[in-house]
Amino acid sequence: MSAPDGWEAVIGLEVHCELRTRTKLFCGCRNAFGSEPNTNVCPVCLGLPGSLPVLNEAAVELAMRIGAALHCEIRPSVFHRKNYFYPDMPKDYQVSQYDEPINVDGYLDLPDGSRVGIVRAHIEEDTGKTSHVGETGRIHGAGHALVDYNRAGVPLVEIVSAPDITTAAQARLYAAELRAILVASGASDGRMEEGSMRVDANVSVRRVGDVRLGTRCEVKNLNSLRSLARAVDHEIERQVGVIESGGVVEQQTRHWDEDQGCTVALRSKEEAFDYRYFPEPDLVPLDPDAAWIERVRASLGPMPADRRAAVTALLGGGEPSDARSDQVATVVELGLDHLVTAAASAGVDPALALARTANEAAAAAEAARSVDPAAYAALLQMEQRQELSATQAKAVLAELMAGGGDPAQIAGRMGFEALAADSLAEVVAAVVAEHPDEWERFCGGEAKLAGFFTGHVMRRTQGKANGKAVAAELARLRG
Amino acid sequence: MSGAATTPALAIADAVRRRERRAVEVVEEHLAAIAEVDGGLGCFLEVTADQARRRAAEVDAAVDAGRDPGPLAGVPVAVKDNLCTQGVPTTCASRILQGWHPPYDATVVTRLAGAGAVVVGKTNLDEFAMGSSTESSAFGPTRNPHDPERVPGGSSGGSAAAVAAGLAPLALGSDTGGSIRQPAALCGVVGMKPTYGTVSRYGLVAFASSLDQVGPFARSVADAAALYDAIAGHDPCDSTSLHQVPPACGPAVGSGVGGLRVGLVTELTEAEGVQADVRRRVAEAAEALASAGATVDPVSIPELRVALPAYYLLAPAEASSNLARYDGVRYGLRVDGDDVADMNARTREAGFGAEVKRRILLGTYALSAGYYDAYYGQAQRVRTLIIQAFRRAYEDFDVLLSATTPSTAFRLGEKVDDPLAMYLSDVCTIPTNLAGHPAMSVPFGTDGAGLPVGVQVLAPALGEAVMVAAAAVLEQAAPPTSLPTVAAPTLTGAGTGRGAATGGAR
Amino acid sequence: MARLARIALTEDELDRYAPQLASVLEHAAQVAALDTAGAAPTAHPFPLRNVLRPDEPRPSLDPQVVLAEAPAAEEGRFRVPRILGEAP
Ligand SMILES: [Mg+2]
Ligand SMILES: [Zn+2]
């Protein structure tokens with residue numbers, strides 16, 4: 001959906017992404033999700049009196065990878081303190097980069113051909129996690145709150161786009177593409193559901209042709225691509241509604257309420273904070289030399305757009321269907337396209353390789369990423385040679401992802417001996433003989449009865465038969 | 001027989017390492033002196049008697065086993081209570097941290113242990129090291145051992161007074177704008193602010209991070225140099241720690257000032273408000289250096305006049321941020337409230353004293369939108385001007401000489417309600433903090449009332465060795481001074497070596 | 001300022017601090033009035049750059065030790081009064 005007739009939206013996104021380091025930004029505590037509360041904390045990330053930060057080299061390197069992937073200029077940078085009180089922030093200031101960020105002035109090309117500018121991508125520390133406890137479990141009316149500082153000090157990169165986005169769909173596309181780039185560059189796991197990628201949207205509207213920007217609102221709490229698109233759509237509609245009914249859009253921070261499907265005001269500009277930024281005296285400036293920057297740029301593999309093109313090329317011929325495009329996007333986004341490539345170059349039908357990867361492998365992406373591509377290719381070859389049925393191949397793949405090994409041995413261990421062609425013919429003939437009526441109807445053109453016969457063959461062979469081989473045998477018998 | 005409380009630190013360490021004295025005896029003598037005298041002085045907020053005894057026994061055991069416990073073997077050290085000590089209360093003399101037990105040791109505390117020293121307790125200070133008299137401590141003032149009606153200076157007043165009174169031969173303090181040198185001058189002991197970055201700040205509770213530096217107190221230049229050598233050195237836990245090997249100061253004691261070019265800084269000596277007695281002593285100190293072979297010339301550095309106002313923008317600004325964490329959530333005091341913001345505000349209202357609140361407000365103002373450029377940003381540029389001015393001066397001079405403080409010890413209560421007057425007592429010490437340079441105060445005679453006067457030796461970055469050499473010459477040439485009227489029994493009336501032989505009670 | 005600094009000052013304190021701060025700020029005006037054109041701001045006395053540590057885990061604290069210092073704790077976490085409003 002785009003803006004109502006006569007209106008256009010101006011949208012910029014701020015994305016916070018947690019970096020995949022072993023330790024936090026300024027201390028040696030583990031950067032881990034899901035630990036027992038307050039177990040990954042030390043004097044530094046708890047902000048205990050006297051403690052001092054020391055910058056994590058890997059976090060800097062990953063931030064530079066993001067900058068390089070987004071075509072940014074990588075610059076000397078300075079950390080500042082952003083001062084405000086909040087109980088999830090141990091020092092009551094956040095160490096962040098302010099007017100001298102590490103990455104500036106890049107861009108991101110979307111699959112629809114549009115380009116979105118990247119204003120900056122800077123390093124900062126994450127806060128702890130607050131849970132509200134009380135009658136309603138929500139902020140208002142909560143009796144008290146509990147704070148866990150495991151996440152405090154986890155390295156973040158905040159990526160600020162230019163206000164180049166005009167629709168909710170484009171906003172969603174941007175976030176999806178950015179996520180794919182973050183994963184591809186090795187900087188982040190991009191998991192929105194675990195909060196390792198968080199999106200805020202700045203939305204304003206204006207009448208088509210108007211060059212002045214409207215008053216913007218910042219929408220927070222967008223926990224999925226779907227919420228992002230819904231919230232942006234709602235916010236555009238709301239702002240247009242306000243103006244068309246003679247009102248004025250107030251500059252506000254708004255919260256997306258997923259259940260109600262609307263945004264609600266959190267605070268207005270008058271309540272805006274005075275963060276009193278000043279250079280963090282406990283850290284020194286960051287000034288990566290040209291050699292380091294070059295090393296980072298050189299080590300960056302192909303980005304999702306190139307990789308999507310590579311997989312699409314394997315499929316051959318013309319524009320792929322929407323379904324195919326989705327599969328391509330999925331395998332690239334999850335970092336599984338090398339499996340497709342490996343299988344295809346081993347002679348597996350690229351469409352089969354893509355389907356297995358986009359469905360079965362993608363369902364357990366983390367495990368699939370560690371699968372040996374050669375073993376994966378070998379498995380799909382067995383399936384293609386009809387030594388394994390699709391069902392069997394999926395079962396073997398599950399084993400392969402769980403513990404690795406040789407697919408032929410796994411198949412053997414699972415009792416998936418390939419059914420010899422002659423014994424398959426015997427079984428099919430027997431099933432046909434037992435169901436003469438159905439056979440007659442099948443021969444008369446009732447094609448869906450193929451499933452009926454295949455089911456019986458499968459039952460009799462305990463699933464060892466290959467579906468395609470059964471179909472081929474049925475077709476041969478029918479003549 | 002002279003007791004340990006009068007013996008130089010290096011003599012104690014020497015005797016303990018040779019097994020001529022036992023660390024446990026040394027510690028007992030000092031604990032006894034503390035028990036006897038400190039009730040009237042208020043140097044210590046916490047005496048760590050049991051730990052000190054255990055630690056001393058370990059030192060003795062090491063000696064017995066043929067191991068060397070280190071250059072400060074068995075030497076009692078008093079530690080300013082803004083340095084973290086694992087499991088031992090660390091309060092910064094503030095109610096807001098009362099009862100807090102840090103789960104870690106400051107790097108300097110670890111280094112003390114590594115050198116064989118024995119921490120005997122935590123000393124009083126101005127709350128969060130903000131002050132020049134140790135009167136802003138939430139737990140009562142420390143008194144000057146030379147006159148208990150007078151302040152010991154601050155903020156490291158407890159450490160300075162403890163060393164002066166013979167309760168510990170060595171102490172650690174911290175110096176943000178003069179908090180080691182000013183109390184050293186007022187208490188008649190040696191105090192040294194090292195080059196920024198040569199001593200780790202890890203575990204030093206921050207006041208103004210870009211200015212804070214830990215340093216030694218001692219009754220002699222040689223002892224101060226030994227303590228500096230033990231605590232200095234790169235620390236990977238402090239990003240502002242220098243990677244250079246810090247200059248060894250011990251060997252510089254006694255190397256003399258032959259051929260040294262000394263600049264007598266007009267702005268830090270002739271300034272209005274500097275007592276005539278103090279000016280006279282600085283002139284005598286200059287003569288002493290000249291007669292020891294240095295060339296002494298006056299030097300004017302006009303930029304130093306704006307150091308004080310620049311400091312009173314920079315330090316409170318950093319402090320306002322550093323002290324935000326005392327919010328009642330994770331440790332220390334909490335005063336309950338309707339919601340978390342209310343709880344924060346009530347806790348900070350109840351937990352901070354007047355001086356801390358004043359500086360937080362001042363710093364918040366200096367950083368706030370619309371004022372940053374005129375105040376904080378401008379003060380940072382002034383800092384650049386001061387660094388450049390010092391650089392020019394050090395093209396012509398190896399060290400600089402000045403008064404440490406405009407006046408000798410003032411009376412308790414005299415300046416508490418006049419912040420500006422109090423701030424002016426740091427006018428001579430602040431410029432070096434802004435430049436990050438080293439400086440030290442050496443006792444040099446008394447004023448007309450018999451109160452100690454300190455003179456300050458300033459040096460360029462990493463110039464500690466030449467600074468110590470000059471300080472040692474001044475120490476030798478210093479006019480005789482009286483002993484503190486309140487002091488460890490073994491110190492009172494006993495010969496304490498250099499510079500303390502005559503004079504008697506005032 | 002008191003609100004920004006989150007200190008619940010009393011009327012009495014406000015009356016006392018206002019003139020004191022004014023006098024300090026008046027003194028500080030010397031700095032504001034100075035010509036510093038051409039002088040870059042100094043945030044650090046020495047120009048250190050790129051102080052980094054390797055990405056190697058180090059032991060964290062025992063949560064019991066951490067929570068023992070908390071004014072209030074519950075279920076392994078720090079307990080605070082209700083929070084009005086979200087983080088900025
Ligand atoms: Mg941010
Ligand atoms: Zn930590």
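Below, read A as the first sequence line, B as the second, and so on, with proteins coming before strands; counting in each chain starts at 1. Predicted model only: the values in this text are computed from it and were never measured.
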Could you tell me whether A:E14 and A:R198 make a salt bridge, using a distance below 4.0 angstrom between a side-chain N and a carboxylate O? no

With a 4.0 Å cut-off, would you call B:K122 and B:D81 a salt bridge? yes

Which bit of A:Y277 is near chain B, if near means a heavy-atom gap under 4.5 Å: side chain, backbone, both or neither? backbone

Sort out for me which of B:G328, B:G203, B:S210, B:S200 touches chain A most, counting heavy-atom pairs under 4.5 Å. B:G203

Considering only heavy atoms and a distance below 4.5 Å, find which of B:Y331, B:Y372, B:Y376 pairs most often with chain A. B:Y331

Close side-chain approach of A:E280 and A:H80, heavy atoms under 4.5 Å: no

Answer with side chain, backbone, both or neither: which region of A:F278 has an atom nearer than 4.5 Å to a non-hydrogen atom of chain B? both

Of the listed residues (A:L52, A:L55, A:V284), which shares the most heavy-atom pairs with chain B below a 4.5 Å separation? A:L52

Side chain, backbone, both or neither: which part of B:T90 has a non-hydrogen atom closer than 4.5 Å to chain A? neither

Measure from NZ or CZ of A:K82 to the centre of the six-membered ring of A:Y275 and say whether it is under 6.0 Å with the direction within 45° of the ring axis. yes

Identify which one of A:K91, A:R151, A:Q94 satisfies the side-chain hydrogen bond (donor to acceptor under 3.5 Å, both in side chains) criterion when paired with A:E125. A:K91

Does atom OH of A:Y98 have more than 12 heavy-atom neighbours from other groups under 6.0 Å away? no

Part of B:P102 lying under 4.5 Å from any heavy atom of chain A: neither

The interface call for B:L323 against chain A, heavy-atom contacts under 4.5 Å, is neither

Between B:C237 and chain A, which part of the residue has a heavy atom less than 4.5 Å away: side chain, backbone, both or neither? backbone

Engaged part of A:P43 at the chain B interface, taking heavy atoms whose separation is under 4.5 Å: side chain

Contact part of A:N83 toward chain B, heavy-atom cut-off under 4.5 Å: side chain, backbone, both or neither? side chain

Residue, of A:G50, A:P53, A:A145, that accumulates the most heavy atom pairs under 4.5 Å with chain B: A:G50

Part of B:A106 lying under 4.5 Å from any heavy atom of chain A: neither

For B:T123 and B:K80, test the side chains for any donor-to-acceptor distance below 3.5 angstrom and give the result as yes or no. no

I'd like to know which of A:V44, A:L48, A:L283 tops the heavy-atom pair count under 4.5 Å against chain B. A:L48

Taking NZ, NE, NH1 and NH2 as the nitrogens, is one of them in A:D282 or B:R201 under 4.0 Å from a carboxylate oxygen of the other? yes

Could you tell me which portion of B:N82 (side chain, backbone, both or neither) has an atom closer than 4.5 angstrom to a non-hydrogen atom of chain A? neither

Do the charged groups of A:K220 and A:E218 touch, with an N to O distance under 4.0 Å? yes

With a 3.5 Å cut-off and no angle check, do the side chains of A:N150 and A:S35 form a donor-acceptor pair? no

